[in-house]
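To keep things clear, I will list the structure first and then write my remarks on it.
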Amino acid sequence: MKIKDTLTHNLVEFKPIHSGRINLFVCGPTVYNYIHVGNGRLFVVFDSFARFLREEGYEVFYLQNITDIDDKIFRKASEDGTSWDVVAKKFVGEFLADMKSVGVESVTFYAKATAYIEQIIEQISTLIRKGYAYETNDGVYYDVTKFKDYGKLSGQDLEMTQAGARVEVNEDKRNAADFVLWKKMKPGEPYWDSPWGKGRPGWHIEDTAISEAFFGAEYDIHGGGSDLIFPHHEAEIAQMRAISGKKHLSRYWMHVSMLIMDKEKMSKSLGNIVRLRDAVEKYGPETFRFFVLNSSFDSLLSYSDEAMKAAGETVSRIGESYRKVRSCRGSGPGSGLDFSVRREAFREKLRNGFDTHGALTEVMSTVTEINRTLDRFNSGEVKDALSYFSLVNSIMGILKENLSPSGSRLIENLLKARKEARLAGNYQFSDTIRKILEDSGVSIQDNGPETEWWYS
RNA sequence: GGAUAGGUGGCAGAGUGGUUAUGCGUGGGACUGCAGAUCCCAUCUAUUAGGGUUCGAAUCCCUACCUAUCCUCCA
């Protein structure tokens with residue numbers, strides 16, 4: 001298996017630290033509002049990735065942090081006239097609800113930052129003891145000049161970056177690039193006791209404290225949005241490697257690119273946010289997942305109503321084929337389709353840098369072949385096709401379970417009446433029944449005198 | 001200004017030296033009482049621009065222009 005690794009900018013052969021086991025850490029959300037479709041892209045990609053790794057036979061511990069202490073949460077709380085912990089608690093719940101609605105089910109454990117304050121304090125103490133960190137009037141900072149590889153992941157050269165390009169320069173810091181590990185309490189803020197007085201953790205330190213607690217100093221794969229490469233992931237690397245003295249924090253780094261909207265990035269300041277839950281409600285989780293997985297995770301992806309509708313059409317096409325296979329009797333002479341070859345082709349694309357788009361192209365080609373030859377399927381091929389769909393779905397999560405049969409007597413009787421009308425040539429009546437059924441959410445399809453139906 | 005990734009047909013989005021990507025859309029055909037679904041054929045004859053290397057470039061090199069993310073607690 002190969003991974004598109006941010007650190008080396010290459011497709012590299014993957015080797016887990018412990019044979020057969022993978023420790024995966026992905027940066028989760030800061031819970032101060034509903035997440036948008038761009039965030040949703042990240043979580044769908046890694047959900048599918050973890051499912052794939054498990055399907056490949058690895059035992060995967062997928063760990064994700066949740067930032068539940070942050071200035072953005074304070075601001076939201078003051079806007080809403082409530083307290084920070086109420087905001088955090090609410091949006092942790094909303095986040096988990098969103099994850100469930102979009103079929104994200106692979107995360108082993110969600111770790112909230114505030115539950116690991118002890119570990120955070122311990123890491124900061126170690127950094128100070130080892131000479132990497134220092135205390136000022138307002139906090140504890142990491143001295144980036146002490147860590148020679150700082151900037152290596154992002155290709156940043158500290159000499160070249162502009163200090164204070166976006167933020168005010170803090171005069172108490174030794175270097176403009178130093179980042180905060182511990183923030184001393186300001187009036188009205190929540191706090192924990194520490195060797196540096198009352199305060200709270202900086203953003204970067206929570207991830208290494210959590211990942212060390214579960215995985216130790218070094219683990220296999222670290223994921224996140226591409227906007228976190230610098231400085232967040234640089235900071236994580238600097239923290240953990242300074243503490244451990246090891247060569248890596250994570251052996252491999254995978255970054256999911258941004259979602260853009262109307263040629264512009266999705267951001268709150270532009271007001272072009274689409275909440276994940278709204279998109280999922282409008283198009284369905286299968287369509288959203290297909291939309292996301294049909295592109296390379298490391299490329300920009302354009303979100304639009306048109307693109308979502310196209311994804312929806314394709315998802316229906318795949319689902320339709322699946323539905324037909326399920327109702328296929330398999331009494332034909334055999335189509336000659338070799339599903340073991342097709343399963344392997346699908347897997348092979350994913351093994352090649354998690355090429356979900358390539359894998360879905362394989363699926364589309366298989367769907368066409370199935371549709372073309374279904375009437376010749378024998379019973380073994382029906383089973384093989386079902387297991388093919390099951391494999392695809394277990395990783396991608398793009399099949400609608402619109403199971404029908406064993407339905408209501410009412411529907412069966414309506415269909416029976418319609419069949420009689422059709423046989424009698426009374427098409428006006430049969431079309432009226434069809435209209436009633438369709439208006440009631442029942443799709444039907446005539447195959448000669450017989451009619452199939454399902455809930456649409 | 002710097003770092004990093006890119007600029008492919010109506011849309012989305014693959015393809016790292018030599019065949020049609022694929023899907024959606026559009027047009028036509030088969031099938032159907034009609035429809036839908038499905039299949040077949042076609043369409044769009046795409047590669048940001050300009051140079052260069054090569055027998056041959058979307059793919060390699062150079063220049064220009066453009067886009068996205070990031071540029072250091074706070075966005």
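Labels below follow one simple rule: chain letters A, B, ... track the order of the sequence lines, proteins then strands, and each chain is numbered from 1.
The side-chain contact (heavy atoms from CB on, under 4.5 Å) check on A/Arg422 picks up A/Arg418, A/Tyr427, A/Ser430, A/Asp446, A/Thr451, with sequence neighbours excluded. Partners of A/Asn352 by side-chain hydrogen bond (donor to acceptor under 3.5 Å, both in side chains), not counting sequence neighbours: none found.
Where A/Ser299 and A/His357 meet RNA chain B, the nucleotide closest to each residue was compared, and A/Ser299 sits on the side nearer the 5' end. Map A/His204 and A/Met364 each onto its nearest nucleotide of RNA chain B; the residue landing nearer the 5' end is A/Met364.
Side-chain atoms of A/Arg200 and base atoms of B/C73 include no donor and acceptor less than 3.5 Å apart. Scanning atom types as modelled, one donor and one acceptor separated by under 3.5 angstrom connect the side chain of A/Asp446 and the base of B/C34.
Residue contacts shown for A/Arg317 are limited to sugar-phosphate atoms, with no base heavy atom under 4.0 Å away.
Classification of A/Asp71 and A/Arg200 as a salt-bridged pair holds, one side-chain N sitting under 4.0 Å from a carboxylate O. Using a 4.0 Å cut-off between charged side-chain N and carboxylate O, A/Asp143 and A/Lys173 make no salt bridge.
Contacts between residues 114-133 of chain A and RNA chain B, defined by a heavy-atom separation under 4.0 Å, are absent. Within residues 180-196 of chain A, the residues approached by RNA chain B to less than 4.0 Å at the level of any non-hydrogen atom are A/Val180, A/Lys183, in residue-number order. Across residues 422-430 of chain A, A/Arg422, A/Tyr427, A/Ser430 each have a non-hydrogen atom less than 4.0 Å from an atom of RNA chain B (numbered order).
The listed nucleotides are B/U38, B/G33, B/C24; the one nearest the side chain of A/Asp431 is B/G33.
Stretches of at least 3 consecutive Watson-Crick or G-U wobble pairs, with each checked distance under 3.5 Å, appear in RNA chain B as B:1-7 with B:65-71, B:10-12 with B:22-24, B:25-30 with B:38-43, B:48-52 with B:60-64.
Looking at A/His233 and A/His204, their side chains never bring a donor and an acceptor atom within 3.5 Å of each other.
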